[in-house]
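Shown next, in structure tokens, is the structure this report addresses.
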Amino acid sequence: MASKLKIYNTLTNKKEEFKPIDPAHITMYVCGPTVYDFAHVGNARPVVVFDTLARLLRHDFGKLTYARNITDIDDKIIEASQKSGEDISVITEKYARIYEEDVAALNADMPDIVPKATDYIEEMKSLISDLIEKDHAYEADGHVLFQVSTMQDYGGLSNRSVEDLLAGARVDVADYKREAPDFVLWKPSSDAQPGWDSPWGRGRPGWHTECSAMIEKNFGKTIDIHGGGQDLIFPHHENEIAQSKCSHGGANLANHWMHNGYLTVNGEKMSKSLGNFVTVHELLEEHGKNIGEAIRMCLLTAHYRQPVDFSSDGILQANKQLTKWYNLTQDVTATKPAEEILEALRNDLNTPKAIMELHQLAKDENRKGELLASAQLLGLLYRKFDSDLTVGVLEANAEYEAWLSEREEAKKNKDYATADKIRDRFKEHGITIKDTPDGPKLEFD
RNA sequence: GGUGCGGUGGCGGAGAGGCUACGCAGCGGAUUGCAAAUCCGUGUACACGAGUUCGAUUCUCGUCCGCACCUCCA
């Protein structure tokens, strides 16, 4: 299918026409979580962004293979294990499961492939051997390091030059490194640490190695799209490129590199280290699973390369809007996504514009089917309508029921003083009563 | 210091060289016993300075400010 998709490519810092290697089969890889803790809303942003892109790609091209990895071997995990006394596999399996549940609540489909780092140890080892053979890597003190200066165009993704990196080393350089910017491909493990036998002794892979190995195994040398958060541009993606290119005779690892902006809190990046994070899990616990859709909508209200500021107010506002649309499309059958929406999305995934178009469609009596189909392309309005969609709607309760019928009675007798008194009584309980054509409804304030 | 992304109405947030989205809130009105919901109406905002142009908020340069990466981080 013909598509005029344009995406911003971090490699060139330009918006470019998307040129698939094989238009009949698109390949995309996105960096996933390191599973040792709950994912916060910032971690959820790439999930939602690339899930939305995946939906568009499937719509436009038909076949897409989308991979998102799970890092299940990492120093942070080892640390967590030593702290809690739990086995590493217990920790990683637990948090991988929670991650999948949380992400499902955001209506992000499971990727086609979810490779785990520990399933690719052999592939990583052969990549490392290959790099040593090609004189791009060297062994030192139980480590294997990639020698950055052996690659001429290192730094192309993040616009850094090897000279600058050599000159600007600010951190203490480990003494086994030949040069400051060299990075670890393999590191030794103590007996207490998990490790695998290798030609360089018992050890474990460095962080960047897994993605290169997984991509090669699952897709080959070059994929269409590689995605992740902006904080991965350097050093993670830069180093992936270095490893893969040097091993593959200069072939591009990915033709298009896409990076989403941060989720911020009061203008600052949401992050573990700043402590200003909110986990998806706790939001779901607090507001119910259905709030996941509102979180998704919030994340889509800003363009993916722009920062989006997190606030619970924003989520509630999104929820309100979704409820309106659900009401509007109650008896509607989805038809086809509107051309306006597709056009917006094909322009570097302009989701804010797409949402604006949803508002327009909502105004048009004759385009409800398109509204629904378009929203679903964005991963919204996917649930069957039911009256409990509203967050905070109360369960039936004998006492409240009694008050309600008392009030209905008063209303029937035009005894509005009593009716309003009962409304005030609800108010004191933090509940707002709303008379609708279907009878009174109660909502938490 | 290097690299990148930004500064748009009360808030959120698109956008294009000239036609100045959209949502929320606000205000006015319809409707409602009153509210809620709904519907109608209502707002010329684009950091600053210079330049290019018939015309710039949109292009160029400079200034100021914010955020981020350069160390683990989506």
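Residue numbers begin at 1 in each chain, while the letters A, B, ... track the order of the sequences. Computed from a predicted model, the values in this text were never measured in an experiment.
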Salt bridge check: are [X] and [Y] linked by an N-O gap of less than 4.0 Å?
| X | Y | result |
| --- | --- | --- |
| E101(A) | K289(A) | no |
| D424(A) | K421(A) | no |
| D51(A) | R68(A) | no |
| E238(A) | R160(A) | no |

Using the [atom1] atom on both, measure [N] against [M] and round to a whole Å.
| N | M | atom1 | answer |
| --- | --- | --- | --- |
| rC54(B) | rG49(B) | C1' | 23 Å |
| rG23(B) | rG15(B) | C1' | 15 Å |
| rG17(B) | rG13(B) | P | 23 Å |
| rU71(B) | rG2(B) | C1' | 16 Å |
| rG62(B) | rG26(B) | P | 44 Å |
| rC48(B) | rC65(B) | C1' | 10 Å |
| rG66(B) | rA47(B) | C1' | 11 Å |
| rA30(B) | rA36(B) | C1' | 16 Å |

Could you tell me whether [X] contacts a base, only the sugar-phosphate backbone, or nothing, with contacts defined as non-hydrogen atoms closer than 4.0 Å?
| X | value |
| --- | --- |
| N350(A) | sugar-phosphate |
| K363(A) | sugar-phosphate |
| N260(A) | base |
| H236(A) | nothing |
| L232(A) | sugar-phosphate |
| Y416(A) | base |
| N13(A) | sugar-phosphate |
| Y8(A) | sugar-phosphate |
| G314(A) | nothing |
| K320(A) | sugar-phosphate |
| I355(A) | nothing |
| K353(A) | sugar-phosphate |
| G267(A) | sugar-phosphate |

Could you check which of [options] has an atom nearest any side-chain atom of [X]?
| X | options | value |
| --- | --- | --- |
| D420(A) | rC34(B), rA74(B), rG4(B) | rC34(B) |
| H359(A) | rG6(B), rG13(B), rG23(B) | rG23(B) |
| R407(A) | rG33(B), rC69(B), rG6(B) | rG33(B) |
| N159(A) | rC70(B), rU3(B), rG23(B) | rU3(B) |
| L165(A) | rA14(B), rC70(B), rC22(B) | rC70(B) |
| K76(A) | rA68(B), rG33(B), rC72(B) | rC72(B) |
| P46(A) | rG2(B), rA74(B), rC22(B) | rA74(B) |
| Q321(A) | rC70(B), rC34(B), rG23(B) | rG23(B) |
| K434(A) | rC5(B), rC22(B), rA36(B) | rA36(B) |
| A419(A) | rG2(B), rG33(B), rA74(B) | rG33(B) |

| message | Between D435(A) and P440(A) (side chain of the first, backbone of the second, donor and acceptor by atom type, cut-off under 3.5 Å), is there such a pair? | response | no

| query | What class does the angle between the rings of H237(A) and W257(A) fall in, given that below 30° is parallel, 30 to 60° is tilted and above 60° is perpendicular? | reply | tilted

| field | 5' priority, RNA chain B, between G32(A) and A302(A) [closest heavy atom] | value | A302(A)

| Hey, which of these two, S273(A) or K411(A), hits RNA chain B nearer its 5' end, going by closest nucleotide? | K411(A)

Write down the distance between [atom1] ([X]) and [atom2] ([N]), rounded to a whole number of angstrom.
| X | N | atom1 | atom2 | result |
| --- | --- | --- | --- | --- |
| Y304(A) | rG13(B) | OH | P | 17 Å |
| K272(A) | rC72(B) | NZ | P | 16 Å |
| E365(A) | rU38(B) | CD | C1' | 12 Å |
| R305(A) | rC67(B) | CZ | C1' | 15 Å |
| L328(A) | rA37(B) | CG | C1' | 13 Å |
| N266(A) | rG66(B) | CG | P | 16 Å |
| N239(A) | rC69(B) | CG | P | 17 Å |

| query | Given the rule in the salt bridge (Lys or Arg N to Asp or Glu O under 4.0 Å) test, do D109(A) and R55(A) qualify, once you have shown the distances and angles that lead to the verdict? | reply | CA-CA 9 Å; D109(A) 291 335; R55(A) 286 164 195 266; 3.7 Å; yes

| request: Would you tell me if any nitrogen or oxygen in the side chain of K324(A) comes within less than 4.0 Å of OP1 or OP2 on rG23(B)? | output: no

| query | Does rC46(B) pair with anything, Watson-Crick or G-U wobble, both distances under 3.5 Å, and if so, with which nucleotide? | reply | none

| task | To the nearest 0.5 angstrom, please state how far the OH atom of Y304(A) sits from the CE atom of M258(A). | result | 3.5 Å

| message | Distance criterion of 3.5 Å, no angle test: do you see the side chain of D435(A) paired donor-to-acceptor with the base of rC34(B)? | response | yes

| said: If we check side chain to side chain contact (heavy atoms under 4.5 Å, CB included) with T209(A), which of these qualifies: L185(A), I121(A), V184(A)? | reply: L185(A)

